[in-house]
Trainee: 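Take this structure, written in structure tokens, and hold onto it; I'll ask about it next.
Each ligand, and each atom within it, is numbered from 1 in the order the structure gives.
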Amino acid sequence: MSSSQRTVFVTGGAGFIGMHVVPMLLERDYKVRIFDNMFRGDRDKVAELVATGNVELIDQDVRYGGAVQNAMKGCESVIHLAAVSINKSVSDPYESVDINMVGNHNVFAAAADQGVRRLVYASSASVYGDPKKLPMHEDDELAPLTPYCIAKRSGEDLLGFYERTKGLSWVGLRFFNVYGPGQKTTAYYTSVINHFVNRLRQGLPPVIDGKGEQSMDFIHVTDIARSVVAALESEKANVPVNIGTGIDTTVADLAKILINAVGVDVEPTFNPRDVLVSRRAADITRAKEVLGWEPTISVEDGMNELVKLTATT
Ligand SMILES: NC(=O)c1ccc[n+]([C@@H]2O[C@H](COP(=O)([O-])OP(=O)(O)OC[C@H]3O[C@@H](n4cnc5c(N)ncnc54)[C@H](O)[C@@H]3O)[C@@H](O)[C@H]2O)c1
């Protein structure tokens, strides 16, 4: 296979997850074309990768279909990560729909037209809405609540359309709560980690609303990047796949894990008030069957590493 056939087109490749996926692709001898408008991209890290000679940056926007079509030429596969976040989708639904829904379609239509070998799509656990049972299975009812979540779900449906009409081969990865080095402190689900760590570093206890029963399925970004590469190379395709640890970590558990990681002698404080308790845990049977993927980093190890890393930066 010539090197041009092995170029992966990575939208949003300069973001948090992209910056973990791209080096993994390089290790596996792919070339990478990052397509990112650098709205949240990391220019310094991208420049380091471009210096390897195997990465190029196209500073463009997924909202422009023609730009996507042109830039994708010659790429053998596509990883679509570009999106704006869930909280922005509530404050600005127009922008969210433009980027997350029209942008999805521009990328998928170009990939189908150009006959790429595989498209990997960053979907989200938020397509389920508030789950009725745990663990959450791919065949459970979907009830996306915000424009971001609605776009993620419709993205999966559009991929089905291009599979049926043009034979597009795709995998939609429903990422659960991603954390790890390089994450933005404003990230919606993981801001609780930063908030607790910041207090603990000042010797203050984490403050938990209610009983801290709300839970998340925290999945380390290295495991996420491994799942993206597995989805790019898997024999099986054309399904959504949950990517999480399968473990629901409550906010109270998280506080204890971070107290140990920071190494301070405090107990969490509980702020008695009514909190809407939502819980999350992925059923990851399909990830094992379809991708041969399993998580490798426990929440305890991952949080320990994160605390150590952020202490030195
Ligand atoms: N981080 C999580 O917990 C999580 C969970 C579920 C799903 N996801 C999905 O994974 C993907 C990557 O997430 P992330 O955490 O790396 O986000 P991120 O914000 O760090 O990265 C997104 C990248 O997309 C780029 N981008 C934004 N708008 C663009 C546009 N109009 N045109 C081109 N590029 C644009 C940004 O500059 C950024 O580099 C997203 O699709 C996100 O919805 C993330």
Side-chain angles (χ1 to χ4, degrees), residues 9-22 33-46 49 57-65 67-68 71-72 78-89 92 94-108 110 119-128 136 144 146-156 171-194 216-225 227-228 231 240-245 280 282 302:
F9 187 76
V10 187
T11 74
F16 167 44
I17 293 173
M19 282 294 102
H20 290 265
V21 170
V22 174
R33 189 174 298 160
I34 295 176
F35 184 100
D36 196 303
N37 70 353
M38 302 309 281
F39 163 64
R40 265 159 69 92
D42 187 328
R43 279 198 189 272
D44 292 342
K45 280 198 196 148
V46 172
L49 290 167
L57 170 67
I58 313 280
D59 192 336
Q60 268 287 5
D61 199 302
V62 291
R63 280 172 285 194
Y64 305 120
V68 175
M72 200 186 281
V78 173
I79 297 171
H80 178 42
L81 302 173
V84 277
S85 68
I86 195 163
N87 28 355
K88 264 211 103 185
S89 94
D92 191 350
Y94 286 92
E95 186 202 47
S96 180
V97 168
D98 257 3
I99 296 176
N100 298 348
M101 219 181 273
V102 177
N104 277 351
H105 181 253
N106 287 336
V107 174
F108 302 164
L119 184 146
V120 180
Y121 166 54
S123 186
S124 162
S126 65
V127 294
Y128 295 106
M136 293 141 80
T146 69
Y148 169 91
C149 317
I150 292 164
K152 289 293 182 196
R153 186 235 167 107
S154 77
E156 294 182 1
V171 177
L173 299 173
R174 292 182 181 163
F175 298 150
F176 277 64
N177 305 111
V178 189
Y179 73 99
Q183 76 185 130
K184 277 99 186 165
T185 47
T186 50
Y188 185 69
Y189 293 112
T190 42
S191 58
V192 62
I193 302 175
N194 301 298
M216 284 172 251
D217 184 336
F218 288 109
I219 175 80
H220 193 276
V221 67
T222 300
D223 279 332
I224 287 283
S227 77
V228 172
V241 181
N242 285 342
I243 302 294
T245 61
R280 281 197 170 180

Trainee: Got a second to check how far Asp42's CG is from Leu49's CG, nearest 0.5 Å?
Mentor: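 Asp42 atom CG to Leu49 atom CG measures 9.5 Å (nearest 0.5 Å).
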Trainee: Atoms of ligand 1 less than 4.0 Å from Gly41 heavy atoms?
Mentor: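 Matching atoms, with element in brackets: 37 (O), 39 (O).
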Trainee: Of all the atoms in ligand 1, which lie at a distance below 4.0 Å from a heavy atom belonging to Met38?
Mentor: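 Listed by number with element, the hits are 37 (O).
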Trainee: So if I count the atoms of ligand 1 from 1 in the order they appear, which ones are less than 4.0 Å from some heavy atom of Ala14?
Mentor: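 With Ala14 as reference, the close atoms of ligand 1 come out as 39 (O).
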Trainee: Could you say whether the N/O atoms of Gly18 and ligand 1 ever approach to under 3.5 Å?
Mentor: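 No, no N or O pair falls under 3.5 Å.
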Trainee: Is it true that Asp59 and Arg43 have a side-chain N and a carboxylate O under 4.0 angstrom from each other?
Mentor: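 Between Arg43 and Asp59 there is a salt bridge, with a charged N closer than 4.0 Å to a carboxylate O.
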Trainee: Can a non-hydrogen atom of His80 be found less than 4.0 Å from any atom of ligand 1?
Mentor: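 No, His80 has no heavy atoms under 4.0 Å from ligand 1.
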Trainee: Taking a cutoff of less than 4.0 Å between a non-hydrogen atom of the residue and any ligand atom, is Arg174 in contact with ligand 1?
Mentor: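 Per 4.0 Å heavy-atom rule, Arg174 does not contact ligand 1.
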Trainee: Side chain or backbone of Tyr179 under 4.0 Å from ligand 1, or both, or neither, by non-hydrogen atoms?
Mentor: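 Looking at Tyr179 and ligand 1, no heavy atom falls under 4.0 Å.
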Trainee: Hey, is ligand 1 close enough to Lys152 that some N/O pair sits below 3.5 Å?
Mentor: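 Yes, since at least one N or O of Lys152 sits under 3.5 Å from an N or O of ligand 1.
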Trainee: Does the pair Ser123 and Phe175 meet the rule for a side chain to side chain contact (heavy atoms under 4.5 Å, CB included), with working shown?
Mentor: CA-CA 6 Å; Ser123 186; Phe175 298 150; over 6 Å; no
Trainee: Kindly state whether the ring of Phe35 and the ring of Phe9 have centres lying under 6.0 angstrom apart.
Mentor: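 Here the rings of Phe9 and Phe35 have centres that are less than 6.0 Å from each other.
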Trainee: Do His80 and Asn104 come within less than 4.5 Å of each other through their side chains, counting heavy atoms only?
Mentor: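 Answer yes - side chains close enough.
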Trainee: From Met216 CE over to Thr245 OG1, what is the distance, rounded to the nearest 0.5 angstrom?
Mentor: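 One gets 12.5 Å once the value is rounded to the nearest 0.5 Å.
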Trainee: Please confirm whether Gly103 comes under 4.0 Å of ligand 1, counting heavy atoms of the residue only.
Mentor: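 Gly103: no contact with ligand 1 (<4.0 Å).
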Trainee: Would you mind running through ligand 1 and noting each atom that sits below 4.0 Å from a heavy atom of Ile99?
Mentor: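 In order of number, 28 (N), 31 (N).
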Trainee: Counting only heavy atoms, which portion of Val178 has something under 4.0 Å from ligand 1: side chain, backbone, both, or neither?
Mentor: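 The answer is both, backbone and side chain.
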Trainee: Check whether the side chains of Arg280 and Tyr128 place a donor and an acceptor atom closer than 3.5 Å, and report yes or no.
Mentor: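 Tyr128 and Arg280 do not have a side-chain donor-acceptor pair below 3.5 Å.
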Trainee: Which atoms from ligand 1 have a heavy atom of Phe175 less than 4.0 Å away?
Mentor: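 With Phe175 as reference, the close atoms of ligand 1 come out as 5 (C), 6 (C), 7 (C), 8 (N), 10 (O).
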Trainee: Are Arg63 and Ile99 side-chain neighbours, meaning at least one heavy-atom pair lies under 4.5 Å?
Mentor: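 In contact.
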Trainee: Could you say whether the N/O atoms of Phe35 and ligand 1 ever approach to under 3.5 Å?
Mentor: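 In this structure, Phe35 places no N or O atom under 3.5 Å from an N or O of ligand 1.
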Trainee: Show the nearest heavy-atom pair for residues Ser89 and Thr146, with the distance to one decimal.
Mentor: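 Where Ser89 meets Thr146 most closely, the heavy atoms are OG-OG1, 3.5 Å.
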Trainee: Closer than 4.0 angstrom: is that true for some heavy atom of Lys184 and an atom of ligand 1?
Mentor: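 Per 4.0 Å heavy-atom rule, Lys184 contacts ligand 1.
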Trainee: For atom 27 (C) of ligand 1, which candidate among Gly12, Ala83, Ala82 holds the nearest heavy atom?
Mentor: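 Shortest heavy-atom distance from atom 27 (C) of ligand 1: Ala83.
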Trainee: Could you tell me how the ring of Tyr121 sits relative to the ring of Phe108: parallel (under 30°), tilted (30 to 60°) or perpendicular (over 60°)?
Mentor: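 Perpendicular, since the angle between the ring planes exceeds 60°.
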Trainee: With a cut-off of 4.0 Å, which atoms of ligand 1 are near a heavy atom of Leu81?
Mentor: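 Near Leu81, meaning under 4.0 Å from one of its heavy atoms, ligand 1 has 11 (C), 12 (C), 40 (C), 41 (O).
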Trainee: How long is the span from the CG atom in Asn177 to the OG atom in Ser124, to the nearest 0.5 Å?
Mentor: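 So the CG of Asn177 and the OG of Ser124 are separated by 8.5 Å.
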Trainee: Near Gln60, which atoms of ligand 1 are under 4.0 Å from a heavy atom of that residue?
Mentor: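 Matching atoms, with element in brackets: 32 (N), 33 (C).
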Trainee: What do you reckon, does Thr11 put a non-hydrogen atom under 4.0 Å from ligand 1?
Mentor: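 Heavy atoms of Thr11 never come under 4.0 Å of ligand 1.
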Trainee: Does the side chain to side chain contact (heavy atoms under 4.5 Å, CB included) test come out yes or no for Cys149 and Ile86, once each step is laid out?
Mentor: CA-CA 7 Å; Cys149 317; Ile86 195 163; 3.7 Å; yes
Trainee: Using a strict 4.0 Å cut-off to heavy atoms of Ser123, name the atoms of ligand 1 that fall inside it.
Mentor: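 Matching atoms, with element in brackets: 6 (C), 7 (C).
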Trainee: Which part of Ser126 is near ligand 1, with near meaning a heavy atom under 4.0 Å away: side chain, backbone, both or neither?
Mentor: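 Answer for Ser126: neither.
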